[in-house]
Amino acid sequence: MEFQNILIDVNDKIATITINRPKQLNALNKATISDLNQVLMSLKNDNNIRCLIITGSGEKAFVAGADIKEFAHFGVEEGKKLAKSGQENLFDLIENYPKPVIAAVNGFALGGGLELAMACHFRIASDNARMGLPEVSLGVIPGYGGTQRLPQLIGKGKAMELITTAKMMTADEALQYHLVNYVVSSEELLPKCIKIATATLHNSPKAINAAINAVNAGYNNDVNGYNKEIEEFGNCFGSDEFKEGTTAFMEKRKPNY
Ligand code: CAA
């Protein structure tokens, strides 16, 4: 697979997707969102890929936001369409992805960039990362889910402060707010993500998918999370992987998924 705006590296069932517009600080233009959508759709049912890492190219930025130059001349309807299509084609797709998606935040993650990191299942940052939702400084608000996911992740009060002041957080502040799980040096960032991704490879892919669905259900107003958990839990009992996992336990060996 070759794309204009992203690079893909596959190693031992882990796909690392690098957004590759370093001169524009990896800003998310329409073409990049389309590339990301295509690669995510194509890997979704690929059994050779079990965990994904998303990062940015260069030393400066993860993603510095939606591409301001591309939307600066938009009107109201185009603005709504931009947010809706971005949310549906990329951000919701990642959040509900059946395999763990880890954001390796290697520098600026601003606006749509932080929204991309927040749509991922969890985040690991390098110590030079700077994160924020500066949209109100541009006369607009976060449109790729930021007003919803930031309060979910760090609480409403702190999210309101960050959104209304448009201030950036350091990586250590983001760690303190539990927005990122770990902060490591730039050199350690991908190795740390790969180490965690590798730990997921030992586990049942079907159970991981079910767990992601159940956790996400708790954040969906239309679904009862506990009922979803019951349903997903029960469904696991019908899977070959459940048979393998429980048999392996009783046979005192590692399961083979
Ligand atoms: N969109 C388009 N281009 C961007 C960009 C963005 N979000 N962020 C950076 N760039 C471009 C710059 O225009 C510049 O390009 P040129 O050399 O062609 O002029 C290049 O990347 C390098 O950027 P800077 O010269 O500005 O680098 P810096 O080190 O001085 O500053 C920065 C870095 C603080 C991240 C600054 O680039 C910046 O503030 N970027 C914008 C951040 C932002 O506001 N993001 C939110 C976007 S709106 C959004 O995301 C809406 C949404 O929710 C859907």
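Numbering of ligands and ligand atoms starts at 1, following listing order.
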Student: Taking atom 44 (O) of ligand 1 as the point of reference, which of P134, G146, A72 owns the nearest heavy atom?
Tutor: P134
Student: Nearest protein heavy-atom contact for atom 36 (C) of ligand 1: which residue, which atom, what distance?
Tutor: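 Here the nearest protein heavy atom works out to L25 CD1, 4.6 Å.
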Student: Determine, counting only non-hydrogen atoms of the protein, whether one lies under 4.0 angstrom from atom 8 (N) of ligand 1.
Tutor: yes
Student: Between A66 and ligand 1, does any nitrogen or oxygen pair lie at a separation below 3.5 Å?
Tutor: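 Right, the criterion is met.
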Student: Who's the nearest protein heavy-atom neighbour of atom 35 (C) of ligand 1, and how far?
Tutor: L110 CD1, 3.6 Å
Student: Starting from atom 27 (O) of ligand 1, which protein heavy atom do you reach first, and at what distance in Å?
Tutor: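 For atom 27 (O) of ligand 1, the nearest protein heavy atom is K60 NZ, 3.5 Å.
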Student: Could you tell me whether K30 atom NZ has more than 12 heavy atoms of other residues or ligands within 6.0 Å of it?
Tutor: no
Student: Return a yes/no value for G143: is any of its N or O atoms, backbone included, closer than 3.5 angstrom to an N or O of ligand 1?
Tutor: yes
Student: Checking the N or O distance criterion of under 3.5 Å, is ligand 1 in contact with G112?
Tutor: yes
Student: So, is F71 polar-close to ligand 1, with some N/O to N/O distance under 3.5 Å?
Tutor: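 N/O-N/O distance under 3.5 Å: no.
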Student: Salt-bridge test for K228 and D222: reply yes if a basic N is under 4.0 Å from a carboxylate O, no otherwise.
Tutor: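 Between D222 and K228 there is no salt bridge, as every charged N stays at least 4.0 Å from the carboxylate O atoms.
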Student: Please work out which of K69, E135, K23 has its closest non-hydrogen atom nearest to atom 53 (O) of ligand 1.
Tutor: E135
